[in-house]
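Naming convention: chains lettered A, B, ... in sequence-line order (proteins, then strands); numbering from 1 in each chain. Predicted model only: the values in this text are computed from it and were never measured.
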Protein chains: 2
Amino acid sequence: MDPERSYKIGELARMFGLTARTVRFYEELGLLESESREGSAHRRYPERNAVRVRRIQQLKDYGLTLAEIRELFDLAARDRSGESVRKSLSEKYRSRLEEARKKRDALDSYIEDLSWHVEQLERVPDFFECPGASCATCLWAERCDVRLLVSPKDGA
Amino acid sequence: MDPERSYKIGELARMFGLTARTVRFYEELGLLESESREGSAHRRYPERNAVRVRRIQQLKDYGLTLAEIRELFDLAARDRSGESVRKSLSEKYRSRLEEARKKRDALDSYIEDLSWHVEQLERVPDFFECPGASCATCLWAERCDVRLLVSPKDGA
DNA sequence: ATTCAAGTTGACCTTTAACGTAAGATTCGC
DNA sequence: GCGAATCTTACGTTAAAGGTCAACTTGAAT
């Protein structure tokens with residue numbers, strides 16, 4: 001890697017499938033740093049920004065917001081040992097992980113419920129007759145009682 | 001159930017933990033039907049609307065939008081046999097189910113990836129030294145090469 | 001008769017991140 | 001000197017399900 005190397009905004013954008021607007025936006029947020037533009041009117045991004053963009057994409061994929069990514073970058077700039085960054089990122093990942101697991105569990109029970117409903121809908125031919133015992137999906141209220149609108153958890 | 005019974009907007013709202021605004025909003029969308037207000041200025045919701053509200057909440061819980069719910073209600077009004085409603089709802093549920101399963105699978109692999117990263121972050125004490133082989137979480141680009149930013153799928 | 005909680009219409013506001021898009025002026029590279 | 005690239009500024013997008021005034025009117029109970 002050549003530390004002297006620098007990219008124009010379009011180059012950097014193309015390298016990662018972004019638009020110039022996006023790169024500019026990232027810089028606005030403090031995620032990228034262009035050289036001071038002495039004499040020139042166009043931005044120049046030193047090589048290290050390429051790595052940053054890649055890192056941004058990665059962290060974004062893992063569910064971090066750009067604001068959070070910025071915090072991490074700031075942290076890294078202040079603590080060069082990397083300790084605080086590692087701790088912070090680790091915590092963030094852990095909490096994301098927990099959220100994700102909860103979401104997955106919720107999704108699982110959602111899937112179960114929905115399966116039950118689909119089954120009900122397709123199994124009983126005259127399900128809509130509201131036999132008086134239970135009615136999971138009846139839609140015309142004129143014939144229905146609130147108490148007859150059941151869910152799987154209500155017990156069969 | 002007394003077919004003559006009717007509710008004021010606040011009553012209906014309180015029954016289901018809604019606000020009057022919400023009930024009004026539902027009526028605007030065509031989800032509820034108040035009696036024609038001859039002589040009166042206040043809405044009156046016949047009993048059947050209670051069942052509708054309950055149904056709305058149920059369908060909402062299963063991920064249908066209010067617009068979709070309205071379509072179902074319309075369908076039910078046009079086809080009293082219930083056949084088309086059952087078909088439509090069944091299809092909707094099925095597609096929701098498929099989406100949910102995909103989401104869950106994506107979530108699962110996300111969880112795996114994230115676990116890998118957490119492990120990496122916590123296992124290698126000087127992970128941030130960028131040993132040159134791989135670097136999953138390094139944050140200061142000055143010392144890093146883009147190619148060193150790896151993910152679990154990249155192979156260890 | 002009074003009162004005052006409850007109801008009414010209408011119209012705008014909220015949330016939210018990560019950009020898109022338009023416009024017109026400049027600049028760079030060849 | 002020309003056209004592609006870049007610049008700044010600033011508003012637009014997305015969008016579901018209501019929230020929040022504001023200013024007014026009703027209706028049931030005292």
I'd like to know if A:E11 pairs up with A:R5 as an ion pair, taking the criterion as any Lys NZ or Arg NE/NH1/NH2 lying under 4.0 Å from an Asp or Glu carboxylate oxygen.
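Salt bridge flag = no for A:R5 with A:E11.
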
Output the distance between atom [atom1] ([X]) and atom [atom2] ([Y]), rounded to the nearest 0.5 Å.
X      : Y     : atom1 : atom2 : answer
B:L18  : B:Q57 : CG    : CD    : 5.5 Å
B:I69  : B:L64 : CD1   : CG    : 5.5 Å
B:R101 : B:E98 : CZ    : CD    : 8.5 Å
B:T65  : B:R70 : OG1   : CZ    : 12.0 Å

Would you mind reading off the distance between [X] atom [atom1] and [N] atom [atom2], rounded to a whole angstrom?
X     : N      : atom1 : atom2 : value
B:L12 : C:dG7  : CG    : C1'   : 14 Å
A:E28 : D:dT6  : CD    : P     : 17 Å
A:F25 : C:dG20 : CZ    : C1'   : 11 Å
B:R14 : C:dA5  : CZ    : C1'   : 11 Å
B:I69 : D:dA16 : CD1   : C1'   : 12 Å
A:L18 : C:dA18 : CG    : P     : 13 Å
B:L29 : D:dA15 : CG    : C1'   : 14 Å
B:L31 : D:dG18 : CG    : P     : 10 Å

When you check the phosphate oxygens OP1 and OP2 of [N], does a side-chain N or O of [X] lie under 4.0 Å from one of them?
X     : N      : result
B:T22 : D:dA17 : no
A:T19 : C:dG20 : yes
A:Y26 : C:dA18 : no

I'd like to know if the side chain of A:R52 and the backbone of A:L31 have a donor-acceptor N/O pair within less than 3.5 Å.
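The answer is yes, because a donor-acceptor pair under 3.5 Å joins these two groups.
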
Measure from the side-chain N and O atoms of B:N49 to the backbone N and O of B:P46, and report whether any donor-acceptor pair falls under 3.5 Å.
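Yes, the answer is positive, given that a donor and an acceptor are paired below the 3.5 Å cut-off.
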
Using heavy atoms to find the nearest nucleotide of DNA chain C for B:E11 and A:L64 separately, return the residue whose nucleotide is more 5′.
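Its nearest nucleotide being more 5', the pick is B:E11.
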
Taking only the side-chain heavy atoms of A:T65 (C-beta and beyond), determine which of C:dA18, D:dG18, C:dC19 contains the nearest atom.
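Shortest atom-to-atom distance from the side chain points to C:dA18.
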
C:dC19, D:dG18, D:dT6: which one has an atom nearest the side-chain heavy atoms of A:K8?
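Minimum distance to the A:K8 side chain belongs to D:dT6.
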
Using heavy-atom distances to pick each residue's nearest nucleotide on DNA chain D, tell me which of B:S40 and B:L66 is more 5'.
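So the residue in question is B:L66.
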
The contact string for nucleotides 8-14 of chain C, one letter per nucleotide 5' to 3', using protein heavy atoms under 4.0 Å with B, S and - for base, sugar-phosphate only and none, comes out as BB-B---

